Structure formats: structure tokens, C-alpha cells
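Each remark here refers to the structure printed beneath this line.
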Amino acid sequence: MPVLALARALDAPVTSIPRLPPADAKRLARLGVETVRDLLLTLPYDWETYGAPAEVAGLTDGNQATVVGTVSAISARQSLRRRIRLTEATIRDDSGAALRVVWFNQPFIAKQLHRGDRVAVAGTVKVARYGGSLQMQNPHFERLEPSEESQPTRVGGLMPKYHLVEGLSSRKIARWVESALPLADRVEDVIPEEVRERQHLIGVADAIRRGHKPSTDQDFADARRRMAFAELFELQAAFALMRASIAAEPATPMPYRQEVIDAFKAGLGFELTNAQRRSTWETFKDMAGTLPMNRLLNGDVGSGKTAVAAAAAAMAHAAGMQTVVMAPTEILARQHLHRFRAYLEESFPGLVVELLVSSQSAAERRRVRDSAANGQCALVVGTHALIEDDVKFFDLGLAVVDEQHRFGTRQRELLRGKGRGRPHFLAMTATPIPRTLALALYGEMSVSVLNELPPGRTPVETEVIDPDERNRAYEIVRREVKAGHQAFVICPLIEESETLAARSATAEAERLRAEVFPEFRLDLVHGRLKNKEEVMQRFVAGEVQVLVATAVVEVGVDVPNASVMMIEGADRFGLAQLHQFRGRVGRGAARSYCLLLAEDLAEGAMQRLELVARVHDGFTLAREDMERRGIGELMGPRQHGLTDAAMESLRSPALLDETRAEVQRLVEEDPGLDRFPALKAAAARRLELTSIS
Ligand code: ADP
Ligand code: MG
């Protein structure tokens with residue numbers, strides 16, 4: 001192939017690879033792999049060593065093994081409770097000893113393998129909790145020739161483990177990688193040679209080859225370290241470019257005025273917590289300068305972030321500037337409207353707060369738009385409707401985004417673009433993020449932490465409930481709802497597919513409605529639902545008593561009357577995520593409950609859940625998550641755009657600090673990174689990537 005074609009081949013969609021049909025390309029896209037380059041750069045996350053075929057009799061719990069034998073039974077069925085498709089088989093080795101095999105959600109296997117087939121399976125051996133029979137879950141398999149001498153060629157030995165979604169297998173990916181591998185030498189290295197040398201990193205082509213086909217453990221480790229470094233390096237470069245572009249355009253300074261904060265405090269009706277005071281002060285300090293503020297307010301659910309934003313809006317108003325507040329849903333926007341009004345309108349009589357959402361009448365929207373454009377209103381709260389072209393401000397000085405991870409970079413930029421020069425920018429998030437992570441993922445922002453809840457809150461009573469005692473959980477729900485409260489039931493996390501998640505939640509809602517809570521008004525909300533907001537609105541209004549929801553639906557609204565949060569499959573969630581769910585109750589005066597139902601009763605899983613029951617601080621739980629399960633768990637799948645090799649490396653700040661220092665060195669000499677086109681291009685891609693939401 002001519003050189004040019006080769007270079008282009010890297011940017012070609014993965015379908016240019018032989019035997020990679022569009023359906024598989026779609027699956028890969030869900031893993032962030034769209035081009036041939038992406039495929040090459042996505043290393044396996046681990047390797048399995050199964051060794052030569054072993055006898056079933058010699059296997060013990062936890063063994064990684066290859067077994068060759070004959071299929072003596074195989075069948076596919078649907079699991080009743082969770083709507084998972086199971087393929088179950090029994091395989092007998094040549095001595096006649098049996099191994100039970102289960103595959104989840106791969107019903108096609110029952111069509112590929114039949115009774116009497118000779119087969120090799122490779123996977124981790126488990127001893128069943130009851131009866132002690134030997135089992136493998138989701139093993140790799142290979143159909144063999146019927147003769148007793150036949151040996152596996154593809155299964156066993158060393159097998160890469162790639163991240164998967166339904167319908168993909170590591171074996172398939174390995175095959176595609178194999179045919180793309182000759183292009184490895186064409187992949188541009190984003191890490192300049194001087195940096196590679198200083199940091200003892202191998203080149204990108206080497207890393208691709210060793211990462212996908214290592215000869216030794218060291219090969220794999222070197223490849224992973226290099227790739228992790230490159231990812232963090234790209235991200236830090238992206239932040240550096242973003243900071244430079246923000247600094248290029250001045251903001252209007254808003255001088256600090258004591259009488260404003262005095263009036264603000266007087267109108268609040270409560271004392272600010274120390275954390276609120278500190279964050280407010282940090283915000284004011286930024287706003288007083290011409291360098292546009294770019295600050296993240298990171299605080300637990302209920303820590304009172306809105307009050308900090310309101311104080312900032314008051315200061316902007318005093319400087320003659322307007323504020324805009326964007327929230328991801330209409331319900332949240334309406335809640336903000338009420339709260340901002342309560343915090344501000346009495347103390348600042350001229351400060352008009354308006355709402356702009358798409359469900360308003362055209363006339364109302366026009367009125368609010370006019371009011372914003374002619375400077376009558378000081379603060380507009382709304383949803384995505386705010387970033388439409390026809391929304392203009394008289395003099396926007398401060399832009400606030402709530403639940404900022406729900407918006408993309410482009411949307412935030414559009415909002416900022418409504419200002420004269422660059423408005424100051426304040427982002428809020430309720431996901432507690434440890435410092436290392438904040439630097440790695442939001443490196444372009446300064447962070448204020450609200451690690452303190454307002455006084456007088458009763459901690460939510462949290463209990464880990466054995467699945468056998470599910471009825472006890474239902475009793476608590478029943479008692480609370482009968483007493484006039486409301487309850488959430490969260491369905492287990494199904495990461496592989498949102499369709500599956502929606503289906504399982506629908507089934508669960510039907511079951512609860514028919515068999516468990518026929519006496520209550522119960523409704524369902526999941527990611528695939530068109531009228532999500534409507535359902536939530538009915539829950540907020542108290543018309544729905546029990547709300548069944550999937551994990552993808554962020555129930556980020558204030559429903560003070562909700563007093564029970566029941567979480568099915570709690571062991572599948574990160575601790576910080578469980579804590580987030582818990583934060584949805586306990587907002588009113590009533591005593592509240594968080595009920596954690598585990599599927600996996602293994603000791604480790606139970607200990608994690610017990611920790612949530614004991615610890616009520618989101619930051620502590622987030623750190624625990626990071627240490628126990630890695631950062632991927634904390635942030636949810638692919639929100640960050642980092643592979644888990646990079647995530648893994650964030651457990652210790654060392655690598656991150658190195659990348660920051662190296663990027664700093666480069667931008668000091670070359671602020672636009674123009675001498676490093678590969679890095680600049682990769683940084684730009686990162687910014688796009690973090691903007692999907
Ligand atoms: P967040 O957005 O951080 O989750 P909110 O801003 O919605 O939290 O505040 C949660 C609740 O706590 C609101 O009802 C708010 O009025 C109240 N609140 C905020 N700060 C304080 C405080 N310092 N003292 C008492 N109540 C507070
Ligand atoms: Mg909030």
C-alpha cells in the first residue's frame with residue numbers, strides 16, 4: 001500500500017478491517033473505538049493465562065484453567081428475575097468428570113455448540129456455593145475436531161482481555177487488531193522524544209505491538225504505562241490550551257462589596273456553613289479579577305451549592321452585570337428558580353429572576369428573552385433552551401452550570417459565548433471528586449470543595465439487606481408510603497446495554513405493581529423513556545408514590561417527601577454512586593432510609609456496602625472507591641474518555657504530576673503547542689471526547 005493510503009488507513013472507520021461488519025463497528029463505537037487508530041491504541045486491560053488443558057478433578061476455586069471435553073448437555077433460557085439470557089452447559093472431560101458452564105447474554109452459543117461436540121473452554125473456576133460443583137462463567141470456548149487427540153488452537157494459553165459490550169468477544173477483537181497491526185508504525189507519537197527519554201517511555205508503535213501481543217509481563221506493563229502517560233499527557237495539554245484560550249479574552253471585574261454579602265446573608269434565613277463561606281470567598285476573589293473565573297464547586301448532595309452561586313449572582317448584580325444559570329432538566333431549573341428567588345429577591349429588590357425552558361408558551365419565552373436582552377432581569381435560570389441563538393443578554397457577567405458533567409464542552413462554550421468578553425464561569429457538581437481526579441479530569445478549573453453539610457440534618461439510616469429478606473425492605477417501603485411518604489426503587493446497573501437496562505426495569509416495575517405494591521401508585525422512569533420529565537414531575541408533585549428508576553436516570557431533584565431509597569443490585573454500583581442515590585432522600589424533616597440489596601454476597605462486596613452504611617461523607621467514599629475499585633467506577637463508564645490503564649495510574653498522583661510538569665515545560669516554550677502537531681491534534685480530540693454527555 002502506498003504511504004499516503006497507509007496514513008489515511010489509520011483514520012479510516014474500523015469497518016475497513018476485514019471481517020468487521022457494521023454491526024460490530026457500532027459495538028466498538030460504544031467503547032470509544034471508531035477508527036483503526038482507536039482500535040490500535042485500545043490495549044487489552046489484562047491478560048489471562050490458562051495454561052495447557054487440565055483435568056476437571058484437579059481444579060480448585062479461583063483456578064484459571066483450560067478444560068477439553070465433550071458437551072453432555074446444553075440449553076438456553078431466560079432468567080426469571082433479571083431477564084438475563086443464560087446458556088448453560090455441562091462438559092465432561094475424558095475421565096468423565098463434569099464441569100458446569102454458564103454464559104450470560106450470549107444465547108447464540110446454544111446454536112453453535114451441541115450435545116456430543118468436543119470443545120475447549122478457558123476461564124476462571126468457581127466452586128458453587130451450594131453442592132460444591134465446579135463452574136466456569138463466561139469462559140472462552142473453541143469447538144474442536146471430534147477426535148480425542150484434537151487440541152485447541154485459539155483457546156487457552158495466553159488470552160487478551162479487552163473491554164467488551166454485548167456481542168463482542170476478546171477473541172474477535174484480537175483478530176481485528178492482528179490485521180491492523182502492520183499499521184502500528186504509522187501512528188504518530190504524541191509524546192515528544194525528549195519527554196519520552198526523560199520519562200523512560202517506549203514509543204507508540206512499540207507500545208501497540210507489545211500491548212496487544214506481549215511476550216512477557218514486562219512488555220505489557222511498559223506498554224500500559226506508556227499509554228496511560230500519553231492519555232494524561234494529552235488531557236493536560238488540552239487543559240493548557242483551554243486555559244490559554246480563556247485567558248486570552250478578559251472578563252469584566254466585579255469588585256468585592258461587603259454590603260452585598262451582608263444583605264445576602266441577612267436575607268438567607270440560615271447561617272452559611274464554613275465550607276460555603278470559604279467557597280463564596282474563593283469565588284468572589286476570582287470574580288474581582290479580569291482573568292475569567294473558571295471554578296468548579298464540588299460538594300456533596302445537599303451541601304448548599306445553590307447558596308454559593310446565589311451569592312455570586314448578587315455580587316455580579318451589584319457590579320451591574322447579569323447571571324445565567326443552566327441546569328440539565330426542567331425540574332431542576334424550576335427548583336433553582338424558586339431557590340434563587342427565595343435567596344435573593346427580598347434582600348435585593350431590583351434583582352429580577354426569570355425562568356427559560358422549552359415547555360413555556362412562545363409568548364412567555366419571548367417575554368423572558370426580551371427581559372434578558374434589555375437588561376431588566378438580573379438572573380435567568382433555565383435548561384438547554386438558554387443556549388439557543390435567539391437568547392441574548394444585555395450584559396452577561398457570570399455563567400453558572402449545575403450538574404456540569406451533564407453538559408458538553410460545546411454547550412458550556414455556547415453559554416459563555418453569550419457574554420461581553422468572557423463571563424466568569426462557575427460549574428457545580430455533586431459527584432465528590434478526590435483532588436487527584438479533579439486535577440486529571442478538570443485540570444483547567446480551580447476547585448472549591450463543600451465538604452460539610454448544613455447542621456441539623458438527620459443522617460439517612462442505611463441498611464444492607466440480604467436478598468432473602470427482600471420482603472423486609474418492601475415492608476419498610478410500605479410503612480413509609482402508608483405514612484404519606486414516597487419511595488425510590490433503583491434497578492441494578494446494566495452497563496452493557498441501555499436497552500437491557502430499560503427492559504429489566506420495566507419488568508421489575510410490572511412485577512412490583514402486580515405482586516408487591518398493588519395498592520400504591522407506582523411509575524417507572526428509564527433512559528429510553530420519552531416523557532422522563534413528566535414522570536419525574538408527577539413524582540415531585542406526589543402523584544406517584546413509588547418511583548422505579550434505572551441507574552442511568554439521574555434523579556437529581558429535590559423531593560423532600562421521599563423517605564426511602566431502595567437500591568437493587570447495590571453491589572454493582574460504586575460507593576460514591578450509592579451515596580449519591582442516598583442523597584436523594586433525607587432532604588425533608590422525616591427520618592429516611594436507604595436500603596441496599598446485594599446480589600453478590602461475597603465478603604468483599606458486603607464489606608463495601610457496610611462502609612456505605614457507616615460512612616456518610618461522599619469524599620471519603622469516593623476515595624475508598626478509587627482505592628478499591630479504581631476510578632472508572634467512580635465516574636461511571638466512559639464519561640471521562642480515559643482508558644482504565646490511565647484511570648488505574650491515577651491511584652497514585654505520581655504519574656499525573658509528571659504529565660502536568662512535562663506539559664508545563666512544553667507550553668512555557670511554545671504556548672500554542674505548534675511545534676507538537678500530533679499532541680495538539682490529540683488534545684483537540686480529547687476536548688471533543690470529554691464533551692459527549
Ligand atoms: P446542593 O445543590 O448542594 O445539593 P442545595 O443548594 O440544593 O444543595 O441545598 C440543599 C438544602 O439545604 C436547601 O433546602 C437549602 O436551602 C438548604 N441549605 C443550604 N445551605 C444551608 C445552610 N447553611 N444552613 C441550612 N440550610 C441550608
Ligand atoms: Mg443542587
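The structure presented is a predicted model; accordingly, all values stated were derived computationally and were not measured. Ligands are counted one by one from 1 in listed order, and the atoms in each one are counted from 1 as well.
Residues H336 and D402 bring a donor and an acceptor atom of their side chains to less than 3.5 Å of each other. With no hydrogens or angles considered, a side-chain donor-acceptor pair links N561 and Q486 at under 3.5 Å. Side chain to side chain, T383 and E330 fail the donor-acceptor criterion of an N or O pair below 3.5 Å.
Figure legend: cation-pi geometry between R416 and F425, with NZ or CZ positioned under 6.0 Å from the six-membered ring centre and within 45° of its axis.
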Quick check on ligand 1: any N or O pairs to the protein under 3.5 Å? One line per pair.
unit_1	atom_1	unit_2	atom_2	d
ligand 1	3 (O)	S303	N	3.4
ligand 1	3 (O)	G304	N	3.0
ligand 1	3 (O)	K305	N	2.9
ligand 1	3 (O)	K305	NZ	2.8
ligand 1	4 (O)	G302	N	2.6
ligand 1	4 (O)	R587	NH2	3.4
ligand 1	6 (O)	K305	N	3.4
ligand 1	6 (O)	T306	N	3.1
ligand 1	6 (O)	T306	OG1	2.5
ligand 1	7 (O)	R339	NH1	2.4
ligand 1	8 (O)	G304	N	3.2
ligand 1	12 (O)	R457	NH2	2.7
ligand 1	16 (O)	Y343	OH	2.7
ligand 1	20 (N)	Q276	NE2	2.9
ligand 1	23 (N)	E271	O	2.7
ligand 1	23 (N)	Q276	OE1	2.9

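Residue pairs meeting the ring pair (Phe, Tyr, Trp, His ring centres under 6.0 Å) criterion with at least one member in residues 264-318, sequence neighbours excluded, are Y256-W281, Y256-F284, F270-Y343.
Note: Y442 and F239 fail the aromatic proximity criterion, with ring centroids not under 6.0 Å apart.
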